[in-house]
> 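Attaching a single structure in structure tokens format; questions to follow.
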Protein chains: 2
Amino acid sequence: MTKTATPSPEAIKAWARLMRVSRQLIEQAEEALKDSGLPPLAWYDVLHELAEAGEGGLRPFQLIERTLFAQYNISRLLARLEADGLVEKLKAADDGRGQTIRISAKGRETRRRMWAVYGRSIMELVGAKLSADELRTVSALLGRLRLPPATD
Amino acid sequence: MTKTATPSPEAIKAWARLMRVSRQLIEQAEEALKDSGLPPLAWYDVLHELAEAGEGGLRPFQLIERTLFAQYNISRLLARLEADGLVEKLKAADDGRGQTIRISAKGRETRRRMWAVYGRSIMELVGAKLSADELRTVSALLGRLRLPPATD
DNA sequence: GGGCGATTGATGCAATTGCATTAATATAGA
DNA sequence: TCTATATTAATGCAATTGCATCAATCGCCC
């Protein structure tokens, strides 16, 4: 008689909390952005990576690695960002297939305005609820849940 | 000169970890279900609530409260579940507007099969990575990030 | 009882996501 | 070099989500 193995109550509880809290927080942050007439979080993620990358820009596949978005998702998101003038697509110098994506001045400005709202959400939703020590503890424990780099 | 208030580095780090890890975990769990030819997590959430509710079933608005899905989302999800024979919609006895949703035998069976896969994901992705104590710590800290019941 | 705002649930339509496939180029190997 | 395979990015089409609105009660208050 084989019994289906079930996770420990502690694991189930932690999982449930993680699922629920992350959804709530995302929802709150998205709502704050929308209320300010700003684009969704996904745009911020991409603009943030591109801003960090600087003038050299990034290739789309690098954005995929950094943001965890699906390939087709990045492809279309970049199309929208370009249509809005927030990024530029440049032919990649050394790879005929690829492009290099660079954030524009308008893109930087949009990112700045998004951060004013997004940062406030983070402060209120997380920074104000736990001490610095507790935040470090959460980060460390969550860090142990990251996937091993190469799952294939 | 007014400087934009920014969250502490600890808050930013914890937020980033939470966003990234939760996305990874969800993706992994969804993939495991799909690989087994099972429906997505959202179905599980609803079937789980309905199974807990027992024969009395639940009203759609109660599912919305418990699962945090949007109203139109629940409405359509229930339509799909009903089309698949996993739930039954009954006219609510005491409220001419409403319905009562009850899980069917097939629904219970589907939930059971989903749990075999989903539970394993939870074990591997969370249970195997942290000790029971650490899991309790995570749960407690994440619990403090929940929203105050009435935000309006 | 009758009217009116609130609640419950569904739905038309636009935007986004997911899936599968495609086109173009790069790279490695015979 | 020439071919086979892998990588990079886009896209057609179906499914899902989000938004706004609607229809049908309900319940309160007069």
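Bear in mind the structure is a predicted one, so any value in this text is a computation, not a measurement. Each chain gets a letter, A, B and so on, in the order its sequence line appears, and its residues count up from 1.
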> Examine C:dG18: is either OP1 or OP2 under 4.0 Å from a nitrogen or oxygen in the side chain of B:Lys34? Give yes or no.
no
> Taking atom types as they are modelled, would you say the side chain of B:Arg59 forms a donor-acceptor pair with the base of C:dG9 within the 3.5 Å cutoff?
no
> Measure from CG on B:Leu90 to P on C:dG9 and round the result to the nearest Å.
13 Å
> So, is B:Lys89 near the phosphate of C:dG9, with a side-chain N or O under 4.0 Å from OP1 or OP2?
no
> Do the side-chain N or O atoms of B:Arg76 get closer than 4.0 angstrom to the phosphate oxygens (OP1, OP2) of C:dG12?
no
> Taking CZ from A:Arg23 and C1' from D:dT17, how many angstroms apart are they, rounded to a whole number?
14 Å
> For B:Val138 and B:Val126: C-alpha separation, side-chain torsions, deciding distance, then whether side chain to side chain contact (heavy atoms under 4.5 Å, CB included) applies.
CA-CA 11 Å; B:Val138 170; B:Val126 164; over 6 Å; no
> Table please: side-chain donor-acceptor pairs of residues 58-70 of chain A below 3.5 Å, with sequence neighbours left out.
residue	atom	partner	partner atom	Å
A:Arg59	NE	A:Gln99	O	3.0
A:Arg59	NH2	A:Asp95	OD2	3.4
A:Gln62	OE1	A:Arg59	N	2.8
A:Arg66	NH1	A:Gln62	O	3.4
A:Thr67	OG1	A:Leu63	O	2.7
A:Thr67	OG1	A:Phe69	N	3.4

> What is the distance, to the nearest angstrom, from the CG atom on A:Leu78 to the P atom on D:dT8?
15 Å
> Which nucleotide sits closest to the side chain of B:Phe61: C:dG9, D:dA6, D:dT11?
C:dG9
> Any chance you could measure A:Leu142, atom CG, to B:Lys129, atom NZ, to the nearest 0.5 Å?
12.0 Å
> How long is the line joining CG of B:Leu63 and C1' of C:dG9, in whole Å?
12 Å
> Closest-nucleotide mapping onto DNA chain C: is A:Gly96 or B:Gln71 further toward the 5' terminus? I mean the 5' end.
B:Gln71
> Just how far, in rounded Å, is P of D:dT8 from CG of A:Leu58?
14 Å
> Give one of base, sugar-phosphate or nothing for B:Gln99, where a contact means two heavy atoms less than 4.0 Å apart.
sugar-phosphate
> How many Å lie between CD on A:Glu82 and C1' on D:dA9, as a whole number?
13 Å
> In whole Å, what is the span from the CG atom of B:Leu33 to the C1' atom of C:dG18?
16 Å
> Measuring to OP1 and OP2 of C:dG18, would you say a side-chain N or O of A:Asn73 lies under 4.0 angstrom away?
yes
> For A:Tyr72 and for A:Arg97, locate the closest nucleotide of DNA chain C by heavy-atom distance; then report the residue assigned to the nucleotide nearer the 5' terminus.
A:Tyr72
> Could you tell me whether B:Glu10 and B:Lys13 have a side-chain N and a carboxylate O separated by less than 4.0 Å?
no
> Between D:dC19 atom P and A:Asp35 atom CG, what is the distance in whole Å?
11 Å
> Quick one, A:Glu55 with A:Arg108, criterion salt bridge (Lys or Arg N to Asp or Glu O under 4.0 Å). Give me CA distance, side-chain angles, the key distance, then yes/no.
CA-CA 12 Å; A:Glu55 285 311 305; A:Arg108 289 183 192 278; 3.5 Å; yes
